[in-house]
Every structure is written in structure tokens, then in C-alpha cells.
Amino acid sequence: AEPGGFYPVPGSDVIGRNGVVAVVLRKGVGDIQKPYQEKSDTCGWVIAEGATPDQAERNAAKAKKVLEDYIVIEPMEE
């Protein structure tokens with residue numbers, strides 16, 4: 001993805017796979033995401049399930065990796 005913001009996220013890439021139940025995004029296509037520094041910088045959530053809480057967290061982390069291809073984060077200012 002090129003700098004400039006969010007790109008359309010094909011839900012079929014993550015939802016319904018590997019225990020992912022839902023993806024909730026607070027940003028829309030074209031929005032710019034600031035680098036994460038505090039809780040209010042969160043751009044969304046992945047809701048996942050698993051046989052154990054640890055497995056659910058691993059499933060969510062895998063989905064996050066896929067979603068990172070669709071989100072462009074502004075570089076931090078120095």
C-alpha cells in the first residue's frame with residue numbers, strides 16, 4: 001500500500017478464518033492512521049475465538065498481520 005491511508009479491506013481475507021469472528025474499524029478508506037502512542041490511536045479491533053484465551057489471542061494476531069497490508073501508518077515526526 002502507498003502512503004495515504006486506509007485501503008478497502010476484503011473481510012473474506014480474515015473474517016471466518018482461523019477463529020476470527022469480526023473486524024471493527026474506526027477508520028474509513030482514505031483516512032490517515034497516526035502511529036500508535038496512546039489508546040485513542042487505536043484504529044480498530046479484531047474479535048477472535050479459540051479453544052483457549054491464548055489461542056484466541058494468537059488468532060487475532062494472525063488477522064492483524066493480514067490487515068496491516070491495508071493500513072498505511074504516517075511516519076512519526078522527529
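Note that this is a predicted model, so its numbers are computed, not measured.
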Exercise. Do V24 and V21 share a hydrophobic cluster (ILVMFWY, side-chain heavy atoms under 4.5 Å, transitive)?
Worked result: yes
For this session: With sequence neighbours left out, write down each residue that passes side chain to side chain contact (heavy atoms under 4.5 Å, CB included) with A60, or none if nothing qualifies.
Result: V46, A48
Exercise. Which residues pass the side chain to side chain donor-acceptor pair (under 3.5 Å) test with K64, sequence neighbours left out?
Worked result: E68
For this session: Give a yes or no on whether L25 and V20 share a hydrophobic cluster (residues Ile, Leu, Val, Met, Phe, Trp, Tyr; joining criterion: side-chain heavy atoms under 4.5 Å apart).
Result: yes
Exercise. With sequence neighbours left out, what residues match R58 under side chain to side chain donor-acceptor pair (under 3.5 Å)?
Worked result: Q55
Exercise. Where do A56 and G50 come nearest, in terms of heavy atoms and distance?
Worked result: CB-N, 3.7 Å
Exercise. Any side-chain heavy-atom pair from V23 and I15 closer than 4.5 angstrom?
Worked result: yes
Exercise. Among all residues two or more places apart in sequence or in another chain, which pass the side chain to side chain donor-acceptor pair (under 3.5 Å) test with E49?
Worked result: none
